[in-house]
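Read the structure below first, then the notes.
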Amino acid sequence: MHSKSVPIRTRFAPSPTGFLHIGGARTALFCQLAARATGGEFVLRIEDTDRERSTQASVQAILDGMAWLGLDYDEGPYYQSERRERYQEAVGRLLEAGLAYRCYCSRERLEGLREAAMAAGEKPRYDGYCRDRSDRPEGIEPVIRFRNPLSGSVAFEDRVRGRIEVENAELDDLVIVRADGTPTYNFAVVVDDIDMRINLVIRGDDHINNTPRQINIYRALGAEPPEFAHVPMILGDDGQRLSKRHGAVGVMAWRELGYLPDAMINYLARLGWSYGDQEVFSRQELIDLFRIEDVNRKASRFDTEKLKWLNQHYLREGDRDQALAELLWHMEQAGFNPASGPEPSRLLGVQAERFDTLTELVEQSRSFYQDFDDFEPGAAKKHLRPVAAAALTGLAERLAEVDEWEPDALQRAIQETADALGIGFGKIGMPLRVALTGHGQSPAINQTLWLVGRERSLARIEHALDWIAARTAAGA
RNA sequence: GGCGCCAUCGUAUAAUGGUGAAUACAGUGGGUUUUCGCCCCACAAAUCCGGGUUCAAUUCCUGGUGGCGUCACCA
């Protein structure tokens, strides 16, 4: 157990321009774990200052994704769009103190500047044209820029990267308020994190380069910067940045693919973070063992194979209620009526070890809930042959007498039938399997019988016998 | 291009200034089995390259290479 004296307050601050991304989910998880480990709080804040791109649907998608994963927060969600006065107040202070200034440069001029710099092989940056300007041109809505220090450097101790230092000369005067009066990201985060008393900022390492300028803004605002921890990115299995091209990048897409929230959380936690060689962690263990400084510095690849393995583990040994709830959801998606077949918990008990995902499990359980019309050709040809007719007939008679339709009794019935006929278990098992499910793969045959149920089993055996008879008659 | 970050089996992670460099997933080969699967056993697989410090470097330093990130009135 790692105890930290100061409770940590973290925040997850997604911008609502899409669904909850896998990388974002992991960042949120790390934030939650870091906070909970110290008895601190995990805050959710929606960064919707860009009104052009933010949508309510995205906000909902992010909330849904977090809810599904069980990433509950202690405060929020706060919306930046509802905090305009706070930003205005802060800008006012900066303006008054001469730490920010209005810039009337046209986009054209800035564009020209950028091109010229690029052409000269230099870093494109604002040249400070309006930095010391005192007049106020009419008819132009100015943006407000932060007056970044010209000399010296900014350094900070990143909790996962170690010391990072950048020269102020590398930083230019960034825009903190747009012409329309809305704050830009780098300004809004700082104001928010100060107001929300965030003392550990955990975010993707694509923000490392923003940190020095944000620290300058903290100081300009007279606030002590928080601690920072930049976690590495999650790449696709090809080592490239995750994008739609990689298929499922949204968390909820993985639900549809049949994965469990706990498996996803475990996988994500273990991607970039480790505790010795341990692979499986309960939520509580995660909270107890997680330390942000144990997070790796290297970008990692998303490995579906390992997720599958964990998913099966949780399907079999994880939280029963969660697995059942997801199973029901998938059955509904697949159009099954749970009442028309075995109890879902029985299904799960028998099928969990046979599949990695719930989608496969459900798809392969169809015959327990719905009747089928045709046998899978290959399986029928191979196993529903005339020689199987005697076995099936004998079995039907024996099964009709079974008092309790449960695995052990069914197993005995099959064994006795095989013994009576003097044939091996295999000779009777496969024809029965095909008769019951229409194809050649299913749980252990007594379990299959159990799941299909008495009525259906007997009817299907009859049906198979008819099929064999027809085949024989056709001279096959 | 400037700046910044990163570098151990295919993947994710361990470990250590001295080891046979470990574990898991995936892979391969067997075994068990009434199908698939589960399970069991075994095998294969890595310290990016160069220089330095050192008795000893995968580990510390430095150069290179490669990868990634970032250079907006996006976040």
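Keep in mind the model is a prediction, meaning the values are calculated, not measured. Values reported hereafter were calculated over all heavy atoms of this structure, with side chains retained and with hydrogens, waters and symmetry mates removed. Throughout, a chain's letter reflects where its sequence line sits, starting with A, and its residues are numbered from 1.
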Pair A:H463 + A:F375: ring centers closer than 6.0 Å: yes

Whole-Å C1' distance, B:A7 and B:C49: 12 Å

Passing option when A:Y267 is tested against A:Y314, A:F302, A:Y259, A:W309 for ring-ring contact (aromatic ring centres under 6.0 Å, His included): A:F302

Contact pattern, 5' to 3', of nucleotides 28-34 of chain B - B, S or - by protein heavy atom under 4.0 Å: ------B

Where at least one partner belongs to residues 152-179 of chain A, residue pairs that pass ring-ring contact (aromatic ring centres under 6.0 Å, His included), sequence neighbours excluded: A:F156-A:F228

Range-with-range stems for RNA chain B, at least three Watson-Crick or G-U pairs under 3.5 Å: B:1-7 with B:65-71, B:10-13 with B:22-25, B:27-31 with B:39-43, B:48-52 with B:60-64

5'-most by nearest nucleotide on RNA chain B - A:A13 or A:D205: A:D205

Sugar-phosphate only, base, or nothing, as touched by A:R161 at under 4.0 Å among non-hydrogen atoms: sugar-phosphate

Nucleotide nearest A:R114 when distance is taken to its side chain, options B:A75, B:A72, B:C3: B:A72

Sugar-phosphate only, base, or nothing, as touched by A:G272 at under 4.0 Å among non-hydrogen atoms: sugar-phosphate

Residue among A:R145, A:R131, A:R213, A:R147 satisfying salt bridge (Lys or Arg N to Asp or Glu O under 4.0 Å) with A:D173: A:R131

Which residue lies more 5' along RNA chain B, comparing A:L235 with A:F302 via nearest heavy atoms: A:F302

Sugar-phosphate only, base, or nothing, as touched by A:R316 at under 4.0 Å among non-hydrogen atoms: sugar-phosphate

Modelled atom types, side-chain donor and acceptor of A:R433 and A:S442, under 3.5 Å: yes

Sugar-phosphate only, base, or nothing, as touched by A:N210 at under 4.0 Å among non-hydrogen atoms: base

Polar side chain donor-acceptor pair, A:Q214 to A:N186, under 3.5 angstrom: yes

Sugar-phosphate only, base, or nothing, as touched by A:H207 at under 4.0 Å among non-hydrogen atoms: base

Touch class at under 4.0 angstrom, heavy-atom based, for A:S442 against every strand present: base

